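Take a look at the structure below.
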Amino acid sequence: MDKKRVFSGIQPTGNVHLGNYLGAIRRWAAEQGDKTNYFCVVDLHSLTVPQDPATLRFETRSLAALLLACGIDPHVSTVFIQSHVTAHAEGCWLLNCVTPLGWLQRMTQFKDKSTRQESVLTGLLDYPVLMAGDIILYDADEVPVGEDQKQHVELARDIAQRFNALYETEFFVVPQPKIATVAARVMGLDDPTVKMSKSLADKRGHAIRLLDEPDEILYAFKRAVTDSGREIRFSNDPEKAGVNNLLGIYQAVTGQDSAAVEADFAAARGYGDLKVRVAEVVIELLRPIQARHGELMDDTAELDRILAHGAEQARAVSQPKVDEMKRIMGLVLPG
Ligand code: TYM
């Protein structure tokens, strides 16, 4: 039987956090074995908001190292940098020309981000088309992402289907979003009504960044917003969103079912105990990842070699796909 094809991506801007890890990266690593995987550091997506070039260069390498440190095995999965494979930008243009503007204007992330910025770049509107190309140029069946990216993957499905319908072909595989059952949406520790996000991660106490020191992790958890009660159990009550988020993180890290998680806290003396215990399991989770990341960043020649090889493998799949797309669209003159 053919292996399922998986594509997913992550932006190198800012601070990769526990939400990114639990909602995406950890699942990529855990499920890579029996699939054909493409994991991409999407630096072109980062340019949709202004970037400092030196910082972007550094963050791109550091994130690639982090993916490997989190257990993504370059012998099993293709790991590469988006801008190293020109098919992504080329495919995006071609897909722009089959995508109605209204589809992009309706995207909730665009509406959200564009209202928070003074000057909105065209790339921000076009972001989901670039993402659709990422996915469908690899004939991906599955796209493992956190809850917040579901709408973008659904748009990728719509774009694939529209291309297929317009050109009367089955050229593009229609991908499926794969959302985690636990920790699909890790919330901010300082405000459990908003998702943990890279753009807020510079605010102390909002996020746990994967490279944070143990002291900083403990600090953020100790200050996590909860409620005035004492009961430590899962709940849909908006009042208990903070406790629910902490329990969700604990559950995702320990891999226990919800009854076992609640049992672990049956004898706890209030939220203080809960916060410290969650901090401890997260610190232990991140310790080996941080150590491995440090080693990889000490040998960037080896890292760059892995990324060059990944780009070569990615090109071998996506460039013929773009070439064929051009032929279907009438851009290649008969020889
Ligand atoms: P990005 O870089 O914002 O996030 C990377 C992954 O982390 C997930 N995530 C979360 N999961 C749980 N809780 C949270 N608080 C949380 N915050 C983020 C995201 O859902 C994502 O899976 N547009 C994408 C990158 C991208 C991509 C792609 C993804 C570009 N091309 C093709 C899949 C396929 C993004 O900005 O993710």
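Nothing here was measured: the structure is a model prediction, and the numbers come from that model. The basis for the numbers below is simple: all heavy atoms, side chains too, and nothing from hydrogens, waters or symmetry mates. In each ligand, atom 1 is the first atom listed, and ligand 1 is the first ligand listed.
Contact between Ile159 and Ala132 at its shortest, heavy atoms only, is CD1-CB, 3.8 Å. Scanning both residues, His88 and Asp134, for their nearest heavy atoms gives ND1-OD1, 2.8 Å. Taking every heavy atom of both residues into account, Ala314 and Val85 meet most closely at CB-CG2, 3.9 Å. Minimum heavy-atom separation, Thr226 to Leu246: CG2-CD1, 4.0 Å. Between Gln32 and Asn37, the closest heavy-atom pair is O-ND2, 2.9 Å.
Counted within 6.0 Å of CD on Glu213, heavy atoms from surrounding residues, nucleotides or ligands total 12 or fewer; the atom is thus considered open. When the shell of 6.0 Å around CH2 of Trp103 is examined, it contains more than 12 heavy atoms from other residues, nucleotides or ligands.
Ring centroids of Phe265 and Tyr250 are separated by less than 6.0 Å, placing the two rings close together. Aromatic ring centroids of Tyr127 and His152 lie under 6.0 Å apart.
When Arg185, Lys198, Gln149, Met187 are checked for heavy-atom proximity to atom 21 (C) of ligand 1, Gln149 turns out nearest. Across Met131, His17, Lys195, heavy-atom proximity to atom 28 (C) of ligand 1 is greatest for Met131. Within the set Gly133, Ser199, Gly248, Ala184, the minimum heavy-atom distance to atom 12 (C) of ligand 1 is found for Ala184. With atom 32 (C) of ligand 1 as the reference point, the heavy atom nearest to it among Val16, Ile135, Val41, Leu130 is part of Ile135. Ranked by closest heavy atom to atom 20 (O) of ligand 1, the top entry among Val145, Val6, Leu44, Asp148 is Asp148. For atom 4 (O) of ligand 1, the candidate residues are Leu22, Asn20, Leu18; the nearest heavy-atom contact is made by Asn20.
Every atom of ligand 1 with a heavy atom of Gly23 under 4.0 Å away is listed here by number and element: 11 (N), 12 (C). Within ligand 1, the atoms closer than 4.0 Å to a non-hydrogen atom of Ala183 are 12 (C), numbered from 1 in the order shown. Residue contact check: Gln11 has heavy atoms under 4.0 Å from atoms 2 (O), 36 (O) of ligand 1. If you number the atoms of ligand 1 from 1 as listed, the ones under 4.0 Å from a heavy atom of Phe7 come out as 32 (C), 34 (C). Residue Val143 has at least one heavy-atom neighbour below 4.0 Å for each of these atoms of ligand 1: 33 (C), 34 (C).
At least one N or O atom of Gly146 sits closer than 3.5 Å to an N or O atom of ligand 1. On a distance-only criterion, Pro144 and ligand 1 share no N/O pair closer than 3.5 Å. Among the atoms of Tyr127, some N or O lies under 3.5 angstrom from an N or O of ligand 1.
Protein heavy atom closest to atom 11 (N) of ligand 1, with residue, atom name and distance, is Gly19 O, 3.1 Å. Ranking the protein heavy atoms by distance from atom 13 (N) of ligand 1 puts Val186 N, 2.8 Å first. Scanning the protein for heavy atoms near atom 6 (C) of ligand 1, the closest one is Ala24 CB, 3.6 Å. The closest protein non-hydrogen atom to atom 25 (C) of ligand 1 is Gly9 O, 3.6 Å. Protein heavy atom in closest approach to atom 31 (N) of ligand 1: Asp134 OD2, 2.7 Å.
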Please tabulate, for the side chains in residues 61-68, all donor-acceptor contacts under 3.5 angstrom to protein atoms that are two or more places apart in sequence or on a different chain.
unit_1	atom_1	unit_2	atom_2	d
Arg61	NE	Asp304	OD1	3.0
Arg61	NE	Asp304	OD2	3.4
Arg61	NH2	Asp304	OD2	2.7
Ser62	OG	His293	NE2	3.1

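Partners of Asp190 by salt bridge (Lys or Arg N to Asp or Glu O under 4.0 Å), not counting sequence neighbours, listed by chain and number: Lys203.
Residue Ala180 does not touch ligand 1, judged by heavy-atom distances below 4.0 Å.
Note on ligand 1: Tyr21 sits outside its first shell, no heavy atom being nearer than 4.0 Å. Every heavy atom of Lys150 sits 4.0 Å or more from the atoms of ligand 1.
In this structure, Lys321 forms a cation-pi arrangement with Phe171, its terminal cationic atom sitting closer than 6.0 Å to the ring centre and no more than 45° off the ring axis.
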Report the C-alpha distance between Arg5 and Glu142 in whole Å, list the side-chain angles of each, state the deciding distance to 0.1 Å, and finish with yes or no for salt bridge (charged side-chain N to carboxylate O under 4.0 Å, His left out).
-> CA-CA 6 Å; Arg5 278 187 177 226; Glu142 297 179 357; over 6 Å; no
